Amino acid sequence: MATKNNAEIAAAFEELGDLYELDGAVSYRVIAYRTAAKAVRDASVSIMALTREGKVTTVPGIGKTLEEKLKALDETGDIPSAVKLRAKFPVGLISIMHLPGFGAKRAKLLYDELGVDSLEALREKAEAGEIRKIRGLGARVEENLLRVLAEQEEGGGPAPRILLSRAIPVAEQIAGALRDHPAAHRVEIAGSVRRMGDTAKDIDIIATADDVGALIATLAELPLVESVAASGDAGARVRTHSGVKVDLRVVEPDQFGNVLQHFTGSKAHNVQLREAAVRRGLHVSEYGILDDETGETLRCATEEEVYERLGYAWIPPELREGRGELEAARNGSLPQLIELSDLRGDLHCHTTLSDGRQTLDQMAEEALRRGWEYLAVTDHSASHGFGDHVTPEALEARIEEIAALNDRLEGKIRILAGTESNILPDGSLDYPDELLQRLDWVIASIHTSFGMEETAMTERMIAAVEHPWLDAIGHPTGRKIETRPPYAIDMTAVIAAAAKNGTMIEINSAPDRRDMNESHARAASEAGVMVLVDSDAHSARNFDLLQYGIATARRAWLTPEKVANTRSWADFAPLRKRAKA
DNA sequence: GCCGTTTTCGGCCCGACTGTTTTCAGTCG
């Protein structure tokens, strides 16, 4: 039987948590399963491999009981308690409990009272006016239910999350407009946008102002705002023409720090922060810090004060995910995170030779303008297809062209003749070794045969990692955020092979890739792999995308030393395999 | 079900909103 991957294990824990909730288990048990599911999904290593090694209880949120369930899942393909509970509750109840405004209690109530066991049966009962007759429910619940069911049919499920690259311009445009208003004092973006996560559900903005009404009016009248969903004396919720929801909260200046901290989150960070505070007799909320001893609530104008009162150094938002940052902030071991300005070059971009929109000279000129020391030009390779492949002969001509360009540039910047070679299904590259050896730089990626089974895909990638002229792996999992899952691959094994062979792995900065992700990047760096932050630019403007790769690097706790292309050319050049050979 | 700078047992973040009921349960972030 195939080994369950982390996503499958997380789904099994989610399901079991739902089933226990339907069964009326104490809430803490249900929460424990959901916490564990998240921990498994975010883990950078194979949870099943850890289970077999007897080390899985080192993962926060997984204890003895869940270890036993993991063993059962590994050996039999299922969890006995889930089998038992599935016989008790029809699968349809889980769909019902996930409807907005519903939960386990209501799903169970509907099942017990009306025998409802599917969304279809639920709709029939609602249309027949049966829901409103149940004690504890009413006409409003029935109306809302019918509306939700209709919306689901129309929209096909919950609203998708928006990519960070779509959220940031909207957030900055709105925050900028509000800052320009004379009544505004402080205006800050909060939420997952401030944490620079892969995606956001909505945009949170926190402000202080003399005149709340004027600020809300300014927001409502912005050209990009389509409609105002709610508006009060403490803020407003609006929707942009592009469908993005924006929440503005206007708060008292002496609570700004508390509110900004609260709404920056994440949930896991805040829960851990508050639990730790309770152990010291302090209660944290968005309104202040209540001290049990004095009965007084401390209101903080700045976030720094909030963390200081609780005994922590201020924590960069990108780290606030409940992944050890509180402990590090307490004992002074927070990392000095990499910044965009630390980069001295880019090792992955395209020109008109393949599918880029600008010429070699234009890309070089832009890199020079940005003050970089080096730029590797890595057009697609011989088997790329789409009519923009680069034959070996064309690549040889490109080598000459770049030599001439470097002469003209007189050492102001160094352009590297490179390729983004395809990793073929057997793990080989699609140029002859003699040609790869003549290049200054070789990055290689998988662009075909995404459907391979995990073992074969991992072997394919490791064969490439071991190639003597391959310097780095590009976008190693192939994911497209919100649109395409990663192909099946054991990244723990790939990372180990990369560390052993001195092969670098990139964080691709394309905002729908950000690949490798923050979890793999942190693991790779800890394993001793040199990480790259690459733009994969297909135009000169695309170099701006590096901000998203840097964001992923920061969320992976990376310092400048851990990222190879923060180095000067003199220090970077020897890290390439061809320099060591 | 997890976990420990009071604890290996007895706790477990905090508040808003909605809709239903007269003081609260359920859901959500």
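Model, not experiment: these values are computed from the prediction. Just so we're on the same page: letters track the sequence lines, and every chain starts at 1.
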5' to 3' contact window, DNA chain B with chain A (heavy-atom distance under 4.0 Å)
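Reading along DNA chain B, I get B/dG1 to B/dG29.
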Determine the contact category for [X]: base if any of its heavy atoms lies under 4.0 Å from a base atom, sugar-phosphate if only primed atoms, P, OP1 or OP2 are that close, otherwise nothing.
X: A/Phe263; answer: nothing
X: A/Leu99; answer: sugar-phosphate
X: A/Leu66; answer: sugar-phosphate
X: A/Ala36; answer: nothing
X: A/Ile31; answer: nothing
X: A/Arg106; answer: sugar-phosphate
X: A/Ala39; answer: nothing
X: A/His283; answer: sugar-phosphate
X: A/Val284; answer: sugar-phosphate
X: A/Val271; answer: base
X: A/Asn270; answer: nothing

Using atom [atom1] of each nucleotide, how far apart are [N] and [M] to the nearest Å?
N: B/dC12; M: B/dT6; atom1: P; answer: 15 Å
N: B/dT8; M: B/dG1; atom1: C1'; answer: 14 Å
N: B/dG15; M: B/dG10; atom1: P; answer: 27 Å
N: B/dT7; M: B/dC2; atom1: C1'; answer: 13 Å
N: B/dT23; M: B/dT18; atom1: C1'; answer: 15 Å
N: B/dC17; M: B/dC3; atom1: C1'; answer: 32 Å
N: B/dT27; M: B/dT21; atom1: P; answer: 15 Å
N: B/dT20; M: B/dC9; atom1: P; answer: 46 Å

Given the 90°-from-0 boundary between syn and anti, B/dT7 should be labelled syn
Quiz question: by atom type and distance under 3.5 Å, do the side chains of A/Ser192 and A/Lys201 form a donor-acceptor pair?
no
Are a donor atom and an acceptor atom from the side chains of A/Asp42 and A/Ser519 found within less than 3.5 Å of each other?
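Per modelled atom types, A/Asp42 and A/Ser519 side chains form no pair under 3.5 Å.
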Residue closer to the 5' end of DNA chain B, A/Ala32 versus A/Lys105 (nearest nucleotide):
A/Ala32
Identify, between A/Glu275 and A/Tyr20, the residue whose nearest nucleotide on DNA chain B lies closer to the 5' end.
A/Tyr20
Kindly state each residue pair satisfying ring-ring contact (aromatic ring centres under 6.0 Å, His included) with at least one member in residues 74-117 of chain A, sequence neighbours excluded.
none
Results of salt bridge (Lys or Arg N to Asp or Glu O under 4.0 Å) for A/Arg29 - residues two or more places apart only
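Here no residue qualifies.
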Hey, what do you get for CZ (A/Arg309) to CZ (A/Arg280), rounding to the nearest 0.5 Å?
9.5 Å
So how far is it from A/Ile338 CD1 to A/Ile507 CD1, rounded to the nearest 0.5 Å?
8.0 Å
Nucleotide opposite B/dG1 in a Watson-Crick or G-U pair, distances under 3.5 Å
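For B/dG1, the partner nucleotide comes out as B/dC12, under the 3.5 Å rule.
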Do you know which of A/Lys105, A/Arg34, A/Lys108 makes salt bridge (Lys or Arg N to Asp or Glu O under 4.0 Å) with A/Glu21?
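Output: one option passes, namely A/Arg34.
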Between A/Glu113 and A/Lys125, is there a salt bridge with N-O shorter than 4.0 Å?
no
